[in-house]
Amino acid sequence: MKQPDYTLYMVTDMPSVYKKGFLESIEAAVAGGVSIVQYRTDGGTKRELYENGMAVRDLLKRLGVPLIINDHVDLALALDADGVHIGQGDLPAPVVRRLIGKDKLLGLSTSNREQVLAVDKTVVDYIGIGPVFPTQSKRNAPPAIGAADLAALVALAPVPNVAIGGITVETAPAIYATGVTGIAIVSALSYANDIQAAAKALREGGIKK
């Protein structure tokens, strides 16, 4: 699959967090500049994940924005999503690649030099690097690495990469300036009073890099 635009990568929060509705908020974020969306939510049954995922898939297909599924390889296949994102504790990347085939995107979370250097660019399409700052949106997240260590890992990355973890409108320009391909955002979008405006401001942080 052709590499998508990773500049502003939205990771979804729990649907109940969005003040103006889950799908409506995703659509507003895309209108503000989000270029790729990862469907991530904790809790709920697999059936609920599937049904919510179908609604997200149909919306993003209409908007022309790729959909990535967090962790659940089976859900990604059931939804015919554009790809799946896995963590270090999930199935090994080569196994996931074999399951999803060569045409789907495969993302992998990394948080240190050893993990970045272990990335096989023939298997993994992109990596997440972080958390850059302390974050409340992910349980059991590793310690924050900070912008300086992020820049060092970006320089080693063999594939496109997105920084994640506690990034805000205020810190986005400095994170883009590390040379990262894009930034992945959870709370700065899900808790925004005006999600379209927040996405636009985050995207403009990249223009100013």
Side-chain angles (χ1 to χ4, degrees), residues 1-13 15 18 22-41 49 52-73 75-77 79-87 93 96-97 100-110 119 121 124-132 135 137-138 154 157 159-165 167-169 172 175-176 178-190 192 195-196 198-207 209:
M1 181 179 183
K2 181 182 177 182
Q3 288 282 2
D5 177 1
Y6 294 105
T7 305
L8 186 54
Y9 184 124
M10 177 183 185
V11 180
T12 64
D13 212 325
Y18 297 90
F22 188 45
L23 296 178
E24 291 82 359
S25 295
I26 293 173
E27 185 163 9
V30 170
V34 161
S35 52
I36 183 168
V37 174
Q38 181 188 129
Y39 175 51
R40 186 181 88 179
T41 180
L49 291 176
N52 283 333
M54 281 200 301
V56 176
R57 178 200 64 187
D58 292 347
L59 169 65
L60 293 177
K61 191 170 185 178
R62 176 169 63 80
L63 298 175
V65 172
L67 168 65
I68 305 296
I69 303 299
N70 183 60
D71 290 347
H72 300 276
V73 178
L75 184 61
L77 292 171
L79 294 171
D80 192 23
D82 297 289
V84 63
H85 186 96
I86 59 173
V96 176
R97 173 56 72 195
I100 66 175
K102 61 181 176 58
D103 295 329
K104 301 289 188 185
L105 291 168
L106 176 56
L108 175 66
S109 294
T110 64
V119 171
K121 65 180 181 182
V124 173
D125 294 293
Y126 77 96
I127 57 174
I129 305 177
V132 182
T135 176
S137 65
K138 187 175 180 62
V154 167
V159 292
N161 42 85
V162 293
I164 187 168
I167 300 169
T168 64
V169 170
I175 300 306
Y176 279 120
T178 63
V180 74
T181 310
I183 58 173
I185 303 294
V186 187
S187 299
L189 289 173
S190 61
I195 194 167
Q196 181 172 340
K200 184 173 185 293
L202 287 160
R203 182 97 189 190
E204 288 176 346
I207 295 173
K209 70 180 177 182

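Throughout, residue positions are numbered sequentially from 1 according to the sequence presented. Computed from a prediction, not measured in an experiment: that's the story for all the values here.
When all heavy atoms of A199 and L8 are compared, the closest pair comes out as O-CD2, 3.3 Å. Contact record, I175 with V180: O-CG1, 3.5 Å, taken as the closest heavy-atom pair. Residue A163 comes nearest to V132 through the heavy atom pair CB-CG2, 3.9 Å, listed as atom of the first residue, atom of the second, then distance. Considering every non-hydrogen atom in both L60 and P66, the closest pair reads CD1-O, 4.1 Å. Taking every heavy atom of both residues into account, A198 and A192 meet most closely at CB-CB, 3.7 Å. I167 and A184 make their closest contact through CD1-O, 4.2 Å (heavy atoms, listed as atom of the first residue, atom of the second, distance).
Looking only at side-chain heavy atoms (C-beta outward), I183 and V162 stay at 4.5 Å or farther from each other. Between V11 and Y39, the closest side-chain pair of non-hydrogen atoms is not below 4.5 Å. Considering only heavy atoms from C-beta on, E24 stays 4.5 Å or farther from I195 through its side chain. The closest side-chain heavy-atom distance from I129 to I164 is not below 4.5 Å. Taking the side chain as every heavy atom from C-beta outward, Y176 and T181 never approach each other to under 4.5 Å.
For residues 60-69, the pairs satisfying salt bridge (charged side-chain N to carboxylate O under 4.0 Å, His left out) are E27-R62, with sequence neighbours left out.
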**Request:** Apply the test side chain to side chain contact (heavy atoms under 4.5 Å, CB included) to residues I69 and L67: give CA-CA distance (whole Å), side-chain angles for both, the deciding distance (0.1 Å), then the verdict.
**Result:** CA-CA 7 Å; I69 303 299; L67 168 65; 4.1 Å; yes

**Prompt:** Under the side chain to side chain contact (heavy atoms under 4.5 Å, CB included) criterion, do L189 and L202 qualify, and how do the steps go?
**Reply:** CA-CA 9 Å; L189 289 173; L202 287 160; 3.8 Å; yes

**Message:** What verdict does the side chain to side chain contact (heavy atoms under 4.5 Å, CB included) test give for Q38 and D71, after you've listed the backbone C-alpha separation in whole Å, the side-chain angles of each residue and the deciding distance to 0.1 Å?
**Reply:** CA-CA 10 Å; Q38 181 188 129; D71 290 347; over 6 Å; no

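With hydrogens and angles disregarded, no donor-acceptor distance shorter than 3.5 Å links the side chain of D103 to the backbone of G101. D125 places a side-chain N or O within donor-acceptor distance of the main-chain N or O of L106, the cut-off being under 3.5 Å. Judged purely by atom type and a 3.5 angstrom limit, S190 has no side-chain atom pairing as donor or acceptor with the backbone of Y18. For Y126 (side chain) and H85 (main-chain N/O), no donor-acceptor pair under 3.5 Å exists by modelled atom type. The main-chain N or O of G128 is never found under 3.5 Å from a side-chain atom of N161 such that the two would form a donor-acceptor pair. Under the 3.5 Å distance criterion, the side-chain polar atoms of S109 are left unmatched by any main-chain donor or acceptor of G87.
Applying the side-chain hydrogen bond (donor to acceptor under 3.5 Å, both in side chains) rule to T12 yields no partners; only residues at least two apart in sequence or on another chain are considered. With sequence neighbours excluded, no residue forms a salt bridge (Lys or Arg N to Asp or Glu O under 4.0 Å) with R57. Shown here are the salt bridge (Lys or Arg N to Asp or Glu O under 4.0 Å) partners of D80, two or more places apart in sequence or in another chain: K104. Under the rule for a side-chain hydrogen bond (donor to acceptor under 3.5 Å, both in side chains), the partners of Y6 that lie at least two apart in sequence or sit in another chain are Q3. Residues that satisfy the side-chain contact (heavy atoms from CB on, under 4.5 Å) test with D5, not counting sequence neighbours, are T7, S35, R203.
Residue L63 forms a side-chain contact (heavy atoms from CB on, under 4.5 Å) with just one option from V30, I26, V37, and that option is V30.
Between the NZ atom in K121 and the CD1 atom in I127 there is a gap of 12.5 Å [rounded to 0.5 Å].
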